Amino acid sequence: MTTAGLDGDTGAQPQRTMLSWHRTVLSVTLGTLVVSITAQRLEHPLIAAIAALTAFALLVLVLRSLRQWGPHARARWTVLQMTCISVVVLGSLGLLLALVNLFS
Amino acid sequence: MCEGETREALGVEPAEYDDEDDRVEAGSGEGTGAADEAERETRRPQSVYGVGTEPDVRFSLANERTALAWLRTGLTLVAGGVALTTLASFGDGHAVLDVIAALACLAGGVLALAAISGWRRRERALRLGDPLPAPRILPVLVGAVAVFALLMAGYAVYQVLM
């Protein structure tokens with residue numbers, strides 16, 4: 001009978017999880033850049049700047065934290081929190097863009 | 001399906017960390033019981049890691065991937081909202097598109113918060129050996145997508161008729 005845990009799993013689970021992290025970080029970064037470009041096109045330079053800075057800060061912070069990632073590492077919660085905050089910030093910027101576009 | 005049933009379905013038995021050797025073999029890297037206790041007290045979030053026992057790491061990793069998938073779903077809603085804002089800017093009088101875009105972005109942000117809340121609830125259940133909680137946000141998401149689709153269909157019909 002197989003024993004559950006990483007010993008019986010030969011690394012596939014951490015790899016899949018890491019790939020999932022990569023997809024998420026890539027998606028958030030690209031999403032932020034899309035918001036930035038859209039804001040720039042709609043002539044809202046402040047929103048564009050905030051979005052671009054968010055993308056940059058996110059990349060630096062998350063990639064630094066992911067270096068410490070491991071199946072038993074403590075950094076996972078921090079990175080998860082930062083990624084969640086990034087999506088919320090992105091959603092807020094998108095909401096702001098839609099409202100500014102609506103009332104201008 | 002609860003954790004025990006999941007393990008039975010997988011045909012595996014939980015890893016037992018009864019002695020120090022097992023811990024070292026499993027790669028947890030922890031040392032003594034005092035160190036475990038110190039880690040339990042400092043590891044965040046306390047509402048999750050302050051209770052229960054360390055579950056099979058595969059279940060924790062699967063929980064993490066589920067939370068990430070929810071985050072990406074939220075992000076997709078935000079991206080859809082931004083795309084609609086761009087679309088609305090191409091012509092005049094597309095206030096409906098802007099309203100739908102705003103709602104989509106709002107839903108995306110809420111979904112991201114729900115993702116992290118769901119992760120906490122599931123990890124806590126895993127640690128306590130409780131049955132996994134049902135995803136609370138799933139029915140809301142299904143409803144929101146249905147409303148979103150209806151609004152878009154209504155808008156398309158309106159555009160054709162006008």
Side-chain angles (χ1 to χ4, degrees), chain A residues 1-9 12-14 16-28 30-32 34-35 37-39 41-43 51 70-74 76-81 83-104, chain B residues 7 10-16 25-30 39 42-45 48-49 56-62 64-65 67-69 71-72 74-79 81-86 88-89 95 97-113 115-116 119:
Chain A
M1 187 173 280
T2 317
T3 301
L6 293 180
D7 286 347
D9 195 39
Q13 292 272 339
R16 279 158 55 185
T17 310
M18 202 59 187
L19 283 172
S20 190
W21 270 111
H22 287 163
R23 282 199 300 274
T24 308
V25 172
L26 189 66
S27 306
V28 175
L30 285 177
T32 315
V34 165
V35 171
I37 291 167
T38 305
R41 208 189 70 78
L42 296 176
E43 295 174 352
H72 300 278
R74 293 181 186 186
R76 286 155 61 186
W77 167 246
T78 315
V79 194
L80 195 61
Q81 226 176 1
T83 314
C84 175
I85 291 168
S86 308
V87 177
V88 172
V89 168
L90 202 58
S92 309
L93 289 173
L95 179 66
L96 195 64
L97 264 182
L99 292 179
V100 167
N101 206 32
L102 183 63
F103 294 113
S104 62
Chain B
R7 282 176 176 159
L10 289 170
V12 296
E13 61 185 23
E16 292 179 1
E25 276 177 21
S28 62
E30 272 81 40
E39 189 190 343
T42 55
R43 198 171 175 193
R44 290 182 306 147
V48 173
Y49 294 114
D56 184 334
V57 72
R58 293 192 306 173
F59 294 112
S60 286
L61 291 175
E64 198 167 309
R65 290 196 299 273
L68 290 175
L71 275 176
R72 287 196 297 272
L75 191 64
T76 308
L77 275 174
V78 174
V82 173
L84 277 181
T85 306
T86 308
S89 69
L97 284 182
D98 279 323
V99 171
I100 297 172
L103 288 176
C105 289
L106 194 65
V110 170
L111 210 58
L113 293 174
I116 210 160
W119 175 85

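Every value quoted in this text rests on a predicted model; they were computed, and no experiment measured them. Per chain, numbering begins at 1; letters A, B, ... match sequence-line order.
- For the atom pair A/Thr17 OG1 and B/Leu61 CG, the distance stands at 4.0 Å (nearest 0.5 Å).
- For chain A, no part of B/Ala79 is nearby; none of its heavy atoms comes within less than 4.5 Å.
- Proximity to chain A involves both the backbone and the side chain of B/Ala88, based on heavy atoms less than 4.5 angstrom apart.
- In this structure, the separation between CG on B/Leu71 and CH2 on A/Trp21 is 7.5 Å, given to the nearest 0.5 Å.
- You'll find the side chain of A/Leu80 reaches within 4.5 Å of the side chain of B/Leu68, heavy atoms only.
- Judged as a side chain to side chain donor-acceptor pair (under 3.5 Å), and not counting sequence neighbours, the contacts of A/Ser20 are B/Arg72.
- Atoms CD and CE, from B/Glu64 and A/Met18 in turn, are 9.5 Å apart once rounded to the nearest 0.5 Å.
- Atom OG1 of residue B/Thr85 and atom CZ of residue A/Arg41 lie 10.5 Å apart, to the nearest 0.5 angstrom.
- Counting only residues at least two apart or on different chains, the side chain to side chain donor-acceptor pair (under 3.5 Å) pairs with a member in residues 87-102 of chain A are A/Asn101-B/Asp98.
- Between chain A and the residues B/Ala101, B/Ser89, B/Ala69, B/Ala62, the most heavy-atom pairs under 4.5 angstrom are made by B/Ser89.
- Remark: A/Gln81 CD is packed, more than 12 non-hydrogen atoms of other residues, nucleotides or ligands lying under 6.0 Å away.
- Shown here for A/Leu95 and B/Cys105, the closest heavy-atom pair between the two residues is N-CB, 3.6 Å.
- Both the backbone and the side chain of B/Ser60 come within contact range of chain A, each with at least one heavy atom under 4.5 Å from a heavy atom of that chain.
- In this structure, CZ on B/Arg65 lies 10.0 Å from CG on A/Leu19, to the nearest 0.5 angstrom.
- For a residue to count as touching a neighbouring chain, one of its non-hydrogen atoms must lie under 4.5 Å from one of that chain's; by this rule A/Leu42 touches chain B with the side chain only.
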